[in-house]
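Reviewing the structure listed below.
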Amino acid sequence: MRDNERVTSAIREPETPAATTPPRLIATDLDGTLLRDDKSVSPRTVAALAAAEEAGIEVFFVTGRPARWMDVVSDHVHGHGLAICGNGAAVVDLHGGPGAHRFVKVRELPRNNALEAVGLLRDAAPGTVYAVEQTYGFYQEPAYPKLHMEVPDDLAPAEDLLADGSPSTAEPVLKILAFHPEMEPDAFLTLARLAVGERATVTRSSPSALLEISGPDVSKASTLALCCAERGISHEEVVAFGDMPNDVEMLTWAGRSYAMGNAHPDVLAAASGHTVANNDDGVAVVIERLLNGRI
């Protein structure tokens with residue numbers, strides 16, 4: 001997930017890592033990466049994705065978005081139709097189309113871990129407010145801002161939302177969203193990781209001080225690795241794209257990876273190659289070069 005704001009900007013031909021193993025899978029983030037800032041998928045990108053699938057290269061959308069926000073790419077899935085959502089918390093089958101997504105795999109955040117993380121972060125960063133993301137439900141504290149135009153299923157303190165017997169207990173928790181109205185985003189991320197420790201995975205994909213807290217060892221990279229193992233695909237056969245800190249592990253894991261021209265500095269440092277910005281179709285540019293044998 002990501003607001004319509006760029007971190008940096010660059011317009012240049014992609015800087016590419018040396019080709020090694022032929023790719024069998026493309027893994028791409030959505031917001032700030034595959035999608036333009038207006039949340040559209042450009043015709044050039046649609047054509048590039050279709051060409052990759054036709055060439056026998058599987059495409060996985062790997063995003064922080066929940067399943068209910070995947071309509072933007074539901075018309076562009078091919079083959080397996082799977083997407084990794086919630087920063088690795090769920091694998092979703094998009095073949096059903098808008099409103100009919102099927103959860104194939106769920107890697108939940110245990111409620112005890114979530115409660116501990118909420119308490120520790122409240123102590124470390126007073127003023128933090130929370131929302132709870134589940135497979136279908138969305139719950140939030142009254143002070144949580146309307147960042148995503150969500151209509152919450154309930155309003156209550158996070159401790160009550162996560163307690164046994166609450167309306168939310170019927171579904172697994174995918175992640176906790178933690179927002180701070182004053183802290184600098186990267187400072188908030190560093191503080192939260194220190195406070196929460198190994199109880200959960202903490203990352204961010206928004207330019208605001210909004211953190212995403214998932215289950216221990218749950219990330220885009222770890223879930224992508226599981227999906228690849230099921231297909232007999234090694235990390236050397238994966239090409240990945242991303243722009244924000246929640247993409248770093250995936251870009252490091254993949255055999256070849258590309259940071260967008262608008263990427264966060266940590267992403268630029270983690271990726272083995274760089275491409276142009278999302279508004280300049282940076283993913284499509286690399287796929288075209290890949291299919292033409294130029295990289």
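For this chain, numbers begin at 1 and follow the sequence in order.
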Pairs involving residues 189-222, ordered by first then second residue, that meet ring pair (Phe, Tyr, Trp, His ring centres under 6.0 Å) (sequence neighbours left out):
none

Heavy atoms only: give me the nearest [X]-[Y] pair and the separation to one decimal.
X	Y	value
A83	L94	CB-CD1, 3.8 Å
A259	A271	N-CB, 3.5 Å
K175	G64	NZ-O, 2.8 Å
T169	A163	CG2-O, 3.4 Å
A209	P185	N-CG, 3.9 Å
E249	S219	CB-OG, 4.4 Å

The test is side-chain contact (heavy atoms from CB on, under 4.5 Å); show your working for F138 and R68 and say whether it passes.
CA-CA 11 Å; F138 179 80; R68 64 183 178 277; 3.5 Å; yes

With sequence neighbours excluded, tell me which residues meet ring pair (Phe, Tyr, Trp, His ring centres under 6.0 Å) with Y130.
none

Does [X] share a hydrophobic cluster with [Y], counting links as ILVMFWY side-chain heavy atoms below 4.5 Å and allowing steps through other members?
X	Y	result
L210	M183	no
L120	L161	no
L290	M260	yes
I233	V91	yes
V286	V73	yes

Does R44 come within less than 4.0 Å of E288, counting only side-chain N to carboxylate O?
yes

If we only count heavy atoms from C-beta on, is the [X] to [Y] side-chain gap below 4.5 Å?
X	Y	result
L25	V239	no
D31	M244	no
F241	N278	no
V151	K146	no
I84	L224	yes
C228	W253	yes
M70	C85	yes
L174	S214	no

Test item: [X] side-chain N/O and [Y] main-chain N/O as donor-acceptor pair under 3.5 Å:
X	Y	result
D280	G282	no
Q134	S168	yes
D160	S166	no
H274	Y258	no
T190	D186	yes
T33	L30	no
T223	K220	no
E212	S205	yes
H264	D243	no
S257	S272	yes

Between Y144 and L155, is the side-chain contact (heavy atoms from CB on, under 4.5 Å) condition met? List the steps.
CA-CA 9 Å; Y144 186 84; L155 294 172; over 6 Å; no

Donor-acceptor side-chain pairing of D281 and S42 below 3.5 angstrom
yes

Kindly compute the distance separating [atom1] ([X]) from [atom2] ([Y]), expressed to the nearest 0.5 Å.
X	Y	atom1	atom2	answer
H101	T135	NE2	OG1	13.5 Å
D93	R102	CG	CZ	4.5 Å
H235	M250	NE2	CE	15.0 Å
L189	R204	CG	CZ	6.5 Å
L34	T63	CG	OG1	10.0 Å
W69	K39	CH2	NZ	9.0 Å

Side-chain donor-acceptor pairs of residues 47-62 under 3.5 Å, sequence neighbours excluded:
from: E53; atom 1: OE2; to: V59; atom 2: N; distance (Å): 3.1
from: E58; atom 1: OE1; to: R231; atom 2: NE; distance (Å): 3.3

With sequence neighbours left out, the residues meeting salt bridge (charged side-chain N to carboxylate O under 4.0 Å, His left out) with E141 are R122

After noting the C-alpha distance and the side-chain angles of S222 and R107, does the key distance pass the side chain to side chain donor-acceptor pair (under 3.5 Å) rule?
CA-CA 10 Å; S222 62; R107 305 181 68 198; 2.8 Å; yes

Pick from E133, R111, E108: which one makes a side chain to side chain contact (heavy atoms under 4.5 Å, CB included) with V173?
R111

Remaining members of L251's ILVMFWY cluster at a side-chain heavy-atom cut-off under 4.5 Å?
V248, V267

Using atom types as modelled, flag every donor-acceptor pair under 3.5 Å from a side chain in residues 193-201 to any protein atom, sequence neighbours excluded.
from: R193; atom 1: NE; to: V202; atom 2: O; distance (Å): 2.8
from: R193; atom 1: NH2; to: V202; atom 2: O; distance (Å): 3.1
from: R199; atom 1: NE; to: E116; atom 2: OE1; distance (Å): 2.8
from: R199; atom 1: NH1; to: V196; atom 2: O; distance (Å): 3.0
from: T201; atom 1: OG1; to: G215; atom 2: O; distance (Å): 3.0
from: T201; atom 1: OG1; to: D217; atom 2: N; distance (Å): 3.2
from: T201; atom 1: OG1; to: V218; atom 2: O; distance (Å): 3.4

Step-by-step side-chain contact (heavy atoms from CB on, under 4.5 Å) determination, L177 to L211
CA-CA 6 Å; L177 300 170; L211 305 183; over 6 Å; no

Yes or no on side-chain contact (heavy atoms from CB on, under 4.5 Å) for V238 and I26, after CA distance, side-chain angles and deciding distance?
CA-CA 6 Å; V238 176; I26 291 169; over 6 Å; no

